[in-house]
Amino acid sequence: MSENCIIPDPDFEWFDGIYVGSKDGTTLPPNKIDFSKIIPYMTANNKSFNDLSPEEIETFKFK
């Protein structure tokens, strides 16, 4: 990408390019839910994550 394609955002002058999850940033907490399985379930049942019961969520947690 050339320099003239970059549009600086004045609201993010402080950003140093290190963000959560990057190799130099804070590590993310471990994921406890298998989203590759819960998302199709939510789509099939027309539910958002907030609509799921604790029992439903429990079935998709990694063992």
Side-chain angles (χ1 to χ4, degrees):
M1 180 181 288
S2 67
E3 290 293 318
N4 52 353
C5 294
I6 298 172
I7 302 170
D9 186 343
D11 293 334
F12 290 97
E13 289 179 6
W14 56 267
F15 183 67
D16 62 4
I18 297 175
Y19 50 90
V20 173
S22 72
K23 65 181 181 71
D24 299 324
T26 306
T27 57
L28 293 171
N31 183 18
K32 297 179 182 178
I33 298 173
D34 187 349
F35 287 106
S36 67
K37 293 181 180 172
I38 199 169
I39 291 172
Y41 174 82
M42 289 172 18
T43 302
N45 292 286
N46 198 27
K47 291 185 173 187
S48 70
F49 190 81
N50 292 333
D51 295 332
L52 298 174
S53 70
E55 294 80 18
E56 287 174 304
I57 295 170
E58 188 65 34
T59 62
F60 294 100
K61 286 190 176 179
F62 291 115
K63 307 288 182 213

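The figures that follow rest on heavy atoms only: side chains count, while hydrogens, waters and symmetry mates do not.
- Within a 6.0 Å sphere centred on CG of N46, heavy atoms belonging to other residues, nucleotides or ligands number 12 at most.
- The shortest distance between side-chain heavy atoms of L52 and I38 falls below 4.5 Å.
- Taking NZ of K32 as the start and CD of E58 as the end, the distance is 10.5 Å to the nearest 0.5 Å.
- Taking the side-chain contact (heavy atoms from CB on, under 4.5 Å) definition, one finds that N50 meets it with S48, sequence neighbours left out.
- Residue pairs satisfying the ring pair (Phe, Tyr, Trp, His ring centres under 6.0 Å) criterion with at least one member in residues 41-63, sequence neighbours excluded, are listed as follows: Y41-F60.
- Taking the side-chain contact (heavy atoms from CB on, under 4.5 Å) definition, one finds that S53 meets it with E55, E56, sequence neighbours left out.
- By the neighbour-count criterion of 12 heavy atoms within 6.0 Å, atom NZ of K37 is sparsely surrounded, having that number or fewer from other residues, nucleotides or ligands.
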